[in-house]
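This report refers to the structure that appears directly beneath it.
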Amino acid sequence: ETIPVIVKDTTSQYWQVVLAGARQAGKDLGVSVPEMGAQSEADIAGQITALENAVASNPTAIVIAPTQFAALGAPITDAAQSVKIIGIDSGADTDAFTSFLTTDNEAGGKAAARALAAAVKARTGKAEGEVALITALPGVGSLDQRAKGFKEELAASYPGLKLVADKVADGQPTTGLNITTDLLTANPNLVGIFASNLPMAQGAGQAVAESKPKNLSLIGFDSDPKLVQFLKDGALAALVVQDPYRMGYEGIRTALAAAKGQSVPKNVDTGVTVITGATMDTPRAQELLNPKIN
Amino acid sequence: MGVSPMPGGPVLELRAVDKRFTGTYALKKVDLAFKEGEIHALVGENGAGKSTMIKILTGAYVRSGGTILWRGQEVALDTPQAALALGINAVHQEVVLCPHLRVAANMFLGDESTRTGLLRDRLMQRRAQTVLDELGFRIDAGMLLGDLTIGQQQLVATARAAMRGARFLIFDEPTAYLTREETDQLFRLIRRLHQDGVTIVYISHRLEEIFELAERVSVLRDGALVATRLVAETSTAELIRDMVARSLAEIHYKEEVPKRDLLLEVEGLSGPGFKDVSLTVHRGQVVGLYGLIGAGRSEFVQCLFGRTRRTAGKATLKGLPFHARTPAEAIALGVALVPESRRDQGLCLNLGVGFNLNLTIFHRLSRLGIVRRAAERAAAAERMSDMHIVAAGQGARAATLSGGNQQKIVIGKWLSHGADLYIFDEPTVGVDVGTKLEIYKIFARLLREGAGIILISSYLPEVQDLADELLVFNRGRLKSRHPARAVGPETVLKEAIGV
Amino acid sequence: MSESTATGALAGRKLKFGFLLNLTLLGLLVLLWVILGFATENFATYTNITNLLRQASLWAIIAIGQTFVIITAGIDLSVGAVVGLASTVVALLLVQGWPIWAACLVTLLMGVLIGVAHGFAIVQMRLPPFITTLATLTALRGIGLLMTSGQTIAGLPSSFSAFSRESFLAVPNLFWMVLLVAAPCYLLLHHSRLGRHLFAVGSNREAARLSGVSVGRTIYLAYIVSAGLAALAGILTASRIGIGVATTGEGWELQSVASSVIGGASLFGAVGSVIGPLLGAILLTTINNGANLLNVNPFWQRIITGGLIVIIVYFDQLRRRGR
Amino acid sequence: MSESTATGALAGRKLKFGFLLNLTLLGLLVLLWVILGFATENFATYTNITNLLRQASLWAIIAIGQTFVIITAGIDLSVGAVVGLASTVVALLLVQGWPIWAACLVTLLMGVLIGVAHGFAIVQMRLPPFITTLATLTALRGIGLLMTSGQTIAGLPSSFSAFSRESFLAVPNLFWMVLLVAAPCYLLLHHSRLGRHLFAVGSNREAARLSGVSVGRTIYLAYIVSAGLAALAGILTASRIGIGVATTGEGWELQSVASSVIGGASLFGAVGSVIGPLLGAILLTTINNGANLLNVNPFWQRIITGGLIVIIVYFDQLRRRGR
Ligand SMILES: Nc1ncnc2c1ncn2[C@@H]1O[C@H](COP(=O)(O)OP(=O)(O)OP(=O)(O)O)[C@@H](O)[C@H]1O
Ligand SMILES: Nc1ncnc2c1ncn2[C@@H]1O[C@H](COP(=O)(O)OP(=O)(O)OP(=O)(O)O)[C@@H](O)[C@H]1O
Ligand SMILES: [Mg+2]
Ligand SMILES: [Mg+2]
């Protein structure tokens with residue numbers, strides 16, 4: 001039995017954790033799990049290609065994390081006519097998913113805004129001042145949703161926090177680093193930055209660790225050992241983390257169950273968790289921060 | 001054959017040397033011995049294999065078969081380094097130097113002088129300048145090679161070969177772009193090297209030069225060695241017979257065509273490199289331009305042809321004002337230019353012979369923008385046989401042709417196109433005697449058909465023979481004009497050099 | 001252009017390599033297909049082959065345009081950005097209710113204008129093609145992102161998206177588009193006067209100019225074809241992914257140059273064909289497709305792709321050199 | 001090739017443009033700095049200038065290496081991938097407890113070996129540089145990802161990361177590295193035999209060969225310098241971001257070529273310098289830095305970058321043509 005898992009970008013840490021979960025599920029359940037995906041989250045056509053290739057190989061079921069909501073809709077609907085499709089991580093414009101396990105990225109952005117406000121308040125006494133947002137790449141669905149959630153929550157609940165810079169980089173941690181140093185130079189009064197994915201948090205964290213601005217709180221999204229270190233050192237105020245490992249694992253398990261005709265839940269929210277320096281030593285936080293990868 | 005060289009014994013010996021290119025033999029079982037210290041001339045028609053032999057001797061090509069002996073020892077001679085190590089140097093037919101480097105850097109290329117690993121540029125420049133000055137070549141060693149005219153580049157190549165202290169020096173048509181003055185300087189150089197005991201191989205299509213310089217002469221035909229003769233015991237006629245296996249009545253050929261109505265009138269034209277030039281060309285007339293290297297002849301005709309901007313003066317062609325801003329305009333008005341540098345300005349080297357020949361007439365060969373293959377082939381085939389262009393076929397890349405055959409293509413494409421005024425800038429450079437005759441006949445044909453010709457040549461006998469009127473250029477200005485055959489070479493030379 | 005094969009002399013060598021040397025790129029491609037057909041269950045199925053053709057189509061179209069530019073000894077790094085911009089423009093127009101034909105026409109026209117701008121910078125301002133098109137690559141992406149505020153444009157008419165999913169006579173529409181493009185391009189490049197001039201300009205600009213070729217116009221033509229075809233590829237991309245995204249087509253510039261060079265074009269100009277980039281694009285797609293079907297680890301997939309490119313181009317060069 | 005200056009005739013024109021034409025790239029850069037100094041509060045601060053230099057350093061180092069290759073009429077598309085691979089390799093070694101000097105040495109050696117591999121493919125196998133380095137670009141990324149399973153490598157010794165943060169004599173260490181690289185590269189390129197041969201090979205390969213220049217060795221040298229410097233940039237990147245990431249340096253290949261060409265190098269070979277790419281890299285960085293300080297919308301930023309590149313190269317070309 002074969003259940004391919006198609007992720008958005010095989011080269012990023014986050015998706016490697018998803019794949020690790022899927023791999024473990026494959027081992028536990030005795031199915032083969034080919035790992036596929038595009039080479040950048042912006043490569044929509046590449047993911048459609050991967051999906052078509054997966055369908056062509058006559059699999060038992062397919063697990064996919066759609067790169068883009070509208071674009072993957074029709075291809076998934078098409079594919080679902082011949083094989084059961086399980087969606088993970090992000091949505092697509094289709095009702096053909098047999099089951100759907102996601103992080104709500106908009107909710108993630110909102111959680112980040114709340115975490116930022118709390119951190120700013122803890123540091124300066126009030127949730128007020130200038131804040132900035134750094135997005136890794138333009139045109140990536142999940143990042144756009146995080147940005148949207150973040151801005152909405154700021155506007156709705158924290159009128160004192162003013163978004164003064166909304167930057168879009170090129171996906172490179174070095175660019176995240178450069179943008180952050182420039183932001184700190186241009187806006188000495190900055191109290192908060194939200195770096196909305198892993199490479200941006202890596203770069204921004206490094207810049208903050210270097211210059212140690214007094215009043216700045218930095219919020220990252222997703223995690224790796226470096227960010228955990230930053231969290232420990234206080235360069236990062238908080239991390240918003242998803243549960244990619246579980247998404248991968250449950251994706252495969254659900255797919256197998258669905259293929260065998262068992263009934264599976266239509267929607268599962270795998271949720272986001274905010275982890276701060278204070279909460280990082282709890283067992284759940286440790287599980288999320290240090291997923292076992294093989 | 002002794003191990004130690006006898007004076008006058010063979011220094012370099014080819015035994016059954018072959019060179020094959022895809023499909024064709026460029027050299028066939030050539031046996032030839034060059035004696036220590038002699039001046040040995042090599043002659044033959046275009047494509048006979050002269051340059052190929054030189055390239056084998058300098059390690060530029062690897063031979064396909066046969067052996068080469070250097071002072072009796074068999075040598076591999078498979079890389080340029082191997083040849084240079086033996087002291088074999090050459091001035092190649094096509095200038096092979098680096099246009100982006102300075103003259104001095106080119107002269108020292110591969111043999112740079114350094115101290116603690118760093119280049120001694122000033123020293124090299126001084127030395128290079130000294131050599132150039134000693135040879136009487138008026139070239140600044142600090143110039144970029146690419147800024148020199150092709151003739152000057154040829155002089156740099158010559159100076160470089162002389163400077164390298166070679167023991168075996170090859171000149172492949174060194175005088176092709178040189179005027180009599182520079183040719184004399186070159187000959188003085190060659191004689192001096194000869195006295196120093198350097199063995200010299202000299203290739204030229206100008207047979208009188210061979211009689212002036214060489215001791216022995218070898219004739220190649222179709223890649224095979226036909227004969228080696230003592231210069232003192234042979235004649236032009238005999239050499240030509242060896243080369244072409246038929247006898248040519250005459251080398252210089254001029255048909256008297258009556259001068260007709262006025263075709264081109266230029267008044268006070270100035271542009272980059274020349275100033276205040278006035279002349280007239282009539283239909284049926286050849287106007288010859290003579291001058292030293294850098295005298296401004298090429299610059300003048302290129303400006304006329306719309307390649308460069310004119311800064312003053314006016315011209316009329318066929319009675320109408322003539323001011324071409326691009327070559328395309330000049331061509332449309334009935335002017336054709338055969339440029340002096342076939343590699344840089346004349347040929348698409350990595351495209352086919354047929355393509356190059358048809359480049360000017362694709363509009364005629366096409367219907368509704370689509371080129372008719374059959375017409376294309378037919379036109380190229382006709383031109384190739386008309387001009388006796390030797391090539392592996394229409395598809396053979398122009399780069400693979402011998403120098404003379406390349407020149408025929410550059411001329412051929414304009415014959416296909418047709419024009420009222422033809423400008424030939426050094427048209428017979430690197431062209432063998434037979435072909436030269438053909439080109440002269442072409443001139444006559446064009447004149448009879450009512451065209452006018454401007455002929456630039458650094459080969460004074462040629463201009464004097466062919467031109468009706470001879471204009472002498474000196475440092476960018478028109479110095480004098482004569483009825484061509486009414487003036488002595490000494491006068492012309494003096495005017496060309498005159499300060 | 002073509003070089004004849006050596007005769008006789010190298011027979012010993014030929015025997016050893018003979019079977020490989022006579023393979024052209026097409027041969028290598030077929031070989032790869034046969035191997036994949038045997039190695040995997042699903043390669044040689046109708047679904048997979050149509051998928052493969054669909055995937056190759058977009059790359060093939062821009063690679064053909066790129067080849068026109070490369071033949072003039074230039075390079076067009078903006079094709080990927082033009083794809084992205086065209087996909088946004090056509091999507092924006094369609095969403096605003098323009099009829100499909102009009103939206104496509106306007107988008108193609110935009111492509112042509114971009115080509116004209118390239119021509120102007122290269123011919124009139126005498127900028128190097130590499131810098132010109134690198135600058136437009138950057139700027140056009142910015143324009144696309146600005147027009148959409150970085151958002152994707154969804155809600156295209158379903159008939160528009162359906163086009164790229166459907167087939168005609170069992171061949172995917174997208175591949176029909178390739179053929180529709182390749183045929184006139186073939187005529188233009190190999191059988192027309194303008195095509196001859198492209199080669200002449202690429203081989204020796206000065207000689208071409210002195211022979212009366214309008215060098216400027218020829219260069220304009222090359223960049224217009226390239227940008228126009230990239231715009232077409234952008235429209236088809238929008239149809240294929242059902243949305244307009246300004247960032248789509250990232251990295252396609254290098255892919256298209258690679259397809260073209262694998263297909264035998266030389267970056268020094270005057271060497272290239274229409275069939276070459278087509279085969280090059282199919283080859284690159286086949287490598288991806290095969291690796292997916294063979295379930296090769298995506299990291300290994302890159303290593304293998306790199307290796308295969310080297311090997312294939314090496315053998316193709318050997319053949320070309322005719323020894 | 002190069003064109004000599006016209007005298008007299010164009011005087012009128014000269015007067016009009018005179019003040020612009022005498023500006024070199026350096027002049028344009030200074031102009032940009034002055035404008036930014038007035039337009040923003042923070043540009044002309046010590047912190048910002050050191051930041052800017054730090055940011056420019058990595059690009060400058062690979063751009064210098066790229067220039068060596070470009071001078072031989074080649075191109076090295078793999079530099080970005082080498083940066084990524086080197087950052088992973090040095091990080092992996094450091095995490096395993098190797099001393100810093102040993103880890104750096106091994107990584108640099110790896111860079112040299114990559115250069116040798118490029119030389120082999122280009123000289124011995126006679127593959128086009130574009131294809132060769134595109135293939136290694138793909139493959140090296142794969143190798144880096146494979147070595148790390150796509151993970152980032154954290155936990156580098158703090159003294160290693162500190163290096164790129166610190167300054168010496170008020171100049172950031174990273175920029176000292178640039179100077180440390182530029183000085184020998186300058187000597188090598190402009191004052192050594194090998195450098196002379198690089199230009200000769202790029203200008204006329206056949207002429208160089210016939211003059212006894214070892215063309216193969218010269219080409220090896222260029223690619224070794226390029227890959228070696230890219231590996232150095234990779235080490236410095238790891239130090240700067242404090243982690244090893246196989247995908248870092250993506251797109252830097254085009255940035256480095258752009259820096260080099262903006263700095264006056266020609267992709268047709270034989271034209272280029274060491275100072276050129278340095279200025280080119282600083283220029284590109286200044287544009288980014290300035291846009292960030294001015295808080296320009298990131299999409300506009302791309303458009304402005306594209307526009308500025310065209311304008312600057314245009315004026316630089318005007319000056320170069322000397323009219
Ligand atoms: N690289 C090559 N590839 C294929 N054929 C070649 C190549 N070089 C030379 N030839 C062929 O070899 C033959 C001899 O050419 P070569 O240049 O030696 O003639 P040549 O005697 O020097 O003539 P010319 O007087 O015109 O310079 C010609 O037929 C030419 O086409
Ligand atoms: N663009 C230019 N601006 C100013 N002077 C130039 C320019 N191009 C060439 N020259 C100079 O003009 C002079 C005339 O060169 P030209 O090539 O016309 O001479 P020529 O008489 O044809 O000699 P040759 O036998 O070398 O062809 C040379 O000294 C050359 O350096
Ligand atoms: Mg010859
Ligand atoms: Mg001349």
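In the text below, chain A, chain B and the rest are named by the order of the sequence lines, each starting its count at 1. Predicted, not measured: the structure shown is a model, and the values here were computed from it.
- Heavy atoms closer than 4.5 Å to chain D are found in the backbone of Asp166(A), but not in its side chain.
- Between atom CD of residue Gln206(A) and atom OG of residue Ser164(D) there is a gap of 6.5 Å, rounded to the nearest 0.5 Å.
- Residue contact with chain A, scored on non-hydrogen atoms closer than 4.5 Å, involves the backbone of Ala291(D) exclusively.
- Under the 3.5 Å distance criterion, the side-chain polar atoms of Lys226(A) are left unmatched by any main-chain donor or acceptor of Gly155(D).
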query = What's the verdict on side-chain contact (heavy atoms from CB on, under 4.5 Å) for Arg240(D) and Glu210(A), showing C-alpha distance, side-chain angles and the deciding distance?
reply = CA-CA 10 Å; Arg240(D) 178 139 168 79; Glu210(A) 279 176 17; 3.9 Å; yes

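- In terms of non-hydrogen atom pairs under 4.5 Å with chain A, the most contact-rich of Arg54(D), Gln55(D), Gln301(D), Glu41(D) is Gln55(D).
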task = Run the numbers on Gln202(A) and Ile241(D) for side-chain contact (heavy atoms from CB on, under 4.5 Å), then give the verdict.
result = CA-CA 7 Å; Gln202(A) 287 167 341; Ile241(D) 58 179; 6.0 Å; no

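- For chain A, the nearby part of Asn51(D) is the side chain; its heavy atoms alone come within less than 4.5 Å.
- Taking 4.5 Å as the limit, every side-chain heavy atom of Gln172(A) sits out of range of all side-chain heavy atoms of Val245(D).
- Distance CD/Gln16(A) to OG1/Thr152(D): 11.0 Å, rounded to 0.5 Å.
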request  = Starting from the C-alpha separation in whole Å, work towards a yes-or-no answer on side-chain contact (heavy atoms from CB on, under 4.5 Å) for Trp252(D) and Thr174(A).
outcome  = CA-CA 11 Å; Trp252(D) 288 14; Thr174(A) 41; 3.4 Å; yes

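- With rounding to the nearest 0.5 angstrom, the OG1 atom of Thr247(D) is 7.5 Å from the CG atom of Asp9(A).
- Proximity to chain A is limited to the side chain of Leu145(D), based on heavy atoms less than 4.5 angstrom apart.
- Atom CG in Leu184(A) sits 11.0 Å away from atom CG in Asn42(D) (nearest 0.5 Å).
- Heavy atoms closer than 4.5 Å to chain D are found in the backbone of Ala169(A), but not in its side chain.
- Residue Thr237(D) touches chain A through its side chain alone, counting heavy-atom pairs closer than 4.5 Å.
- Heavy-atom contacts from other residues, nucleotides or ligands closer than 6.0 Å to OH of Tyr46(D) number more than 12.
- The CD1 atom of Ile179(A) sits 8.0 Å away from the CG atom of Asn288(D) when rounded to the nearest 0.5 Å.
- Tested against Asn292(D), the residues Asp182(A), Thr180(A), Thr185(A) include a single side chain to side chain donor-acceptor pair (under 3.5 Å) partner, Asp182(A).
- Proximity to chain A is absent for every atom of Phe43(D), based on heavy atoms less than 4.5 angstrom apart.
- Interface summary for chain D: among Pro173(A), Pro199(A), Pro225(A), the most heavy-atom pairs under 4.5 angstrom belong to Pro173(A).
- Looking at Val228(A), neither its backbone nor its side chain comes within 4.5 Å of chain D, counting heavy atoms on both sides.
- Both the backbone and the side chain of Thr248(D) come within less than 4.5 Å of a heavy atom in chain A.
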